[in-house]
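Below: one structure, written as structure tokens.
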Amino acid sequence: MPDSSYNVPTLVSLNEACRMTSMSRSMLNRYRAEGRFPVAVELGDRRVAFVRSEVVEWIQAKISARG
């Protein structure tokens, strides 16, 4: 078990990122392609994940940008 003093980033799957943002996979992938969503971490040939804190920051920025 890692020492609690380490600030280890947590990864979330594409599906979890969709749930966190309420976006469909196709919309999230479109945002990724347009550079409008945090960059994914490639875990394998067909597997990506996102840094949870970056997704949360993205969500917070969207909330803050409301009129």
Side-chain angles (χ1 to χ4, degrees):
M1 178 175 259
D3 185 315
S4 62
S5 65
Y6 290 113
N7 201 4
V8 179
T10 303
L11 298 176
V12 295
S13 68
L14 178 59
N15 287 336
E16 180 64 20
C18 289
R19 281 190 289 274
M20 290 172 70
T21 60
S22 298
M23 292 195 302
S24 67
R25 286 174 63 110
S26 60
M27 184 174 191
L28 196 144
N29 282 325
R30 187 174 327 118
Y31 273 42
R32 287 176 56 206
E34 295 170 353
R36 297 170 59 190
F37 197 76
V39 177
V41 176
E42 294 197 21
L43 301 176
D45 292 338
R46 299 187 59 181
R47 184 75 174 173
V48 298
F50 300 90
V51 178
R52 179 183 295 276
S53 62
E54 293 175 0
V55 176
V56 169
E57 287 174 18
W58 183 88
I59 293 168
Q60 290 173 333
K62 289 293 187 186
I63 293 169
S64 295
R66 292 186 296 182

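Everything numeric in this text was worked out from a predicted model, so none of it was measured.
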Across all chains, not counting sequence neighbours, the salt bridge (charged side-chain N to carboxylate O under 4.0 Å, His left out) partners of R47 are none

side-chain hydrogen bond (donor to acceptor under 3.5 Å, both in side chains) pairs touching residues 57-67, sequence neighbours excluded, are none

Here the salt bridge (Lys or Arg N to Asp or Glu O under 4.0 Å) pairs for residues 24-35, sequence neighbours left out, are E34-R36

Heavy-atom nearest pair, A49 first then L43, reads CB-CD1, 3.7 Å

Residues F50 and S13: closest non-hydrogen pair is CD1-O, 4.2 Å

Tracing side-chain contacts under 4.5 Å among Ile, Leu, Val, Met, Phe, Trp and Tyr outward from V39 reaches none

Sorted by chain and residue number, the side chain to side chain donor-acceptor pair (under 3.5 Å) partners of R19 (sequence neighbours excluded) come out as E16

Sequence neighbours excluded, the answer for side chain to side chain donor-acceptor pair (under 3.5 Å) partners of S26 is S24

One should read off an interatomic distance between I59 CD1 and S22 OG, to the nearest 0.5 angstrom, of 8.0 Å

Taken to the nearest 0.5 Å, the spacing of T21 OG1 from F37 CZ works out to 5.5 Å

| Close side-chain approach of V41 and L11, heavy atoms under 4.5 Å | yes

Validation row: V12, V51 side chains within 4.5 angstrom (heavy atoms):
no

Practice item. Please check if I63 and L28 belong to a single hydrophobic cluster, counting links between Ile, Leu, Val, Met, Phe, Trp and Tyr side chain heavy atoms closer than 4.5 Å. Key: yes

**Study point:** L14 reachable from V56 in the ILVMFWY side-chain graph, under 4.5 Å edges
**Key:** yes

